[in-house]
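Contents: one structure, followed by commentary.
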Amino acid sequence: MKTIRGKIISFFVLCLAFAALLTFLYYQSAFSLRRKLYAIEQFDDLLNDVLELRRYEKNFLFYRDTSSLKEELVYLERVEKDYLLLKEDIAGIMGSEESEEFAENLTRYRQILHDNIGAQSTLPASEAEKKFRTEGKYLVDFAQNLIQKKRARIGQTLSRVLIIPLASITTLVVLVIIIFRFVTTGILKPLLLVESATEKVARDSFTPIAYDRDRQDEISRLIASFNKMAGELESRQEQLIQSRKLASIGTLTSGIAHELNNPLNNVSITAEVLKLNYHDLGEAQVMEMIDEILTQTERASQIVKNLLEFSRTERPHLGNLHIHDIIDQTLNLIKNQLVVARLQVEKRIAEGLPLIRGKRQDLQQALVNILLNGIQAMPDGGAITINADRGPEGYLRIDVSDTGTGIPPEALEQIFDPFFTTKGAGQGTGLGLSLVYSIIRTHGGYIEVKSEEGEGTTFSIFLPVLSEKDIPDEQM
């Protein structure tokens, strides 16, 4: 009974049992009605024989026609025969005492009839006639009362027969309501939750569905499987982001090596000069060289720090961020790559932009992927422009434009699809922009792209901003 299948089977078994019960009651009432209609016909025959009996009785009393007594005797025998045939039915309707009294009345009436036929009555004529009428009237009243009660019972039976279809319809309506409620609450509502959660997964939001874990039906197992799948997808999403970070670091290796080499060379040369000429240098010159060594060391340390921050494997912290910090840190991370590619970078960030809430490393990853795409689209040099300003109400807009080769029109609708790439074999996996799309959607934003072949590409990122009530006082 815990599963939906079990509930449906039990429900239909119950419906079949109820239908069988209604059918049984209907046929039972129909057969009972049929028997009672047949019995009422026999009771009508009894009343007709009694009425004929009294008709001949009146002929005798009014006209003193003795032949009427013989006819009366014939009908009396018919009434007695009818009574014996219907005795059980009469007792069931009128009661045993009334039935026995009717039999005694027939006996007394027969005695009066024989007395009149044989002229043996010891009663005066007026009293004998009065007794004759009284006993005859009782027979008529009894037969009429019998038919009246029988018809009342037939009416009751007919009412029960008519109630059965009404009860069936009422029960059917109740069952439909129960089915509708069961389907709505037990199936459709959970499926709507699954549908909504599936749409969120498509937007890279892996929130599990809350459900009653004590239930063991198919829907609950489906939701449990979905939650497990969502957890796995979220874990794989983090793995994918990390793998793309490592891939980005591999792409930036040459530039980073050159960038690290510069401060290390400066430190080495300065330290060597200091060692060789220490005794010939003045105190101010020595301090200047030491400061230079510290400056170059700090520069190298900052490069390593940026790399560690970018490639860290723990789950990124969700915090309130300034977009200009994200952009500056990203440009610092790839600045040597930009120099090697002979690219000019123009950065225009509006003043007083609101905060956004998100994961610093993920947003850096998204910008790195877009910038690397731009670098690869300009093998002969070019320019990259980064604009950050207020977008539509409630959003911040970041435009990243390049003067590269552009994207073919037929590929624009597919550039965010996983594994889709316009690069040659071995030059790309097709996951970079797919990951960008995923990261932006996870932050509640959206991304648009405009491109013309030979003139460049612009990626527009829209991220939701924090309202003033969501910003702590120390950050306002």
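All values below were derived from every heavy atom in this structure, side-chain atoms included, with hydrogens, water molecules and symmetry-related copies excluded. Here, residue 1 is the first one in the sequence, and each next residue gets the next number.
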**Report entry** Minimal non-hydrogen separation, Ala143 against Leu47, with atom names
**Finding:**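 Closest pair (atom of Ala143, atom of Leu47, distance): CB-CD1, 3.6 Å.
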
Query - Shortest non-hydrogen contact from Ala388 toward Leu353 - result: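 Of all heavy-atom pairs spanning Ala388 and Leu353, the closest is O-CD1, 3.8 Å.
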
Would you check if [X] and [Y] make a side-chain contact, meaning some heavy-atom pair closer than 4.5 Å?
{"X": "Ile323", "Y": "Val465", "answer": "no"}
{"X": "Leu363", "Y": "Leu463", "answer": "yes"}
{"X": "Val436", "Y": "Leu367", "answer": "no"}
{"X": "Phe142", "Y": "Ile90", "answer": "yes"}
{"X": "Lys149", "Y": "Asn145", "answer": "yes"}
{"X": "Ile327", "Y": "Lys347", "answer": "yes"}
{"X": "Leu321", "Y": "Arg360", "answer": "yes"}

I'd like to know if the side chain of [X] and the backbone of [Y] have a donor-acceptor N/O pair within less than 3.5 Å.
{"X": "Asn332", "Y": "Asp328", "value": "yes"}
{"X": "Asp389", "Y": "Ala350", "value": "no"}
{"X": "Thr297", "Y": "Ile293", "value": "yes"}
{"X": "His443", "Y": "Ile356", "value": "no"}
{"X": "Thr403", "Y": "Ile384", "value": "no"}
{"X": "Gln144", "Y": "Asp141", "value": "no"}

Requested in this report: Go through Asp399 and Ile386 one step at a time and tell me if the side chain to side chain contact (heavy atoms under 4.5 Å, CB included) criterion holds.
Outcome: CA-CA 6 Å; Asp399 291 329; Ile386 302 176; over 6 Å; no

For the [atom1] atom of [X] and the [atom2] atom of [Y], what is their distance to the nearest 0.5 Å?
{"X": "Leu355", "Y": "Asn320", "atom1": "CG", "atom2": "CG", "result": "6.0 Å"}
{"X": "Tyr446", "Y": "Tyr395", "atom1": "OH", "atom2": "OH", "result": "6.0 Å"}
{"X": "Asp89", "Y": "Lys87", "atom1": "CG", "atom2": "NZ", "result": "12.5 Å"}
{"X": "Asn373", "Y": "Met378", "atom1": "CG", "atom2": "CE", "result": "10.5 Å"}
{"X": "Ile147", "Y": "Phe43", "atom1": "CD1", "atom2": "CZ", "result": "8.5 Å"}
{"X": "Gln365", "Y": "Thr330", "atom1": "CD", "atom2": "OG1", "result": "9.5 Å"}

Query raised in the report: Should we count CD of Glu453 as having more than 12 external heavy atoms under 6.0 Å?
Result: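 Yes, the 6.0 Å shell around CD holds more than 12 heavy atoms from other groups.
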
Query raised in the report: Are there more than 12 heavy atoms of other residues, nucleotides or ligands under 6.0 Å from atom CD of Glu448?
Result: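 Buried by this count: over 12 neighbours within 6.0 Å.
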
Query - Working for salt bridge (charged side-chain N to carboxylate O under 4.0 Å, His left out), residues Glu346 and Arg348 - result: CA-CA 7 Å; Glu346 182 180 358; Arg348 295 195 293 263; 2.5 Å; yes

Report task. Only one of Asn387, Val449, Leu371, Thr458 passes side chain to side chain contact (heavy atoms under 4.5 Å, CB included) with Val400; say which it is. Result ->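 It is Leu371; the other options fail the test.
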
Report task. State, without any angle test, whether Ser460 and Arg397 hold a side-chain donor-acceptor pair at a distance under 3.5 Å. Result ->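 Checked: Ser460/Arg397 side chains pair up, N/O donor to acceptor below 3.5 Å.
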
Report task. Examine the side chains of Gln329 and Asp325 and answer whether a donor and an acceptor come within less than 3.5 Å of each other. Result ->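 No donor-acceptor contact under 3.5 Å links the two side chains.
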
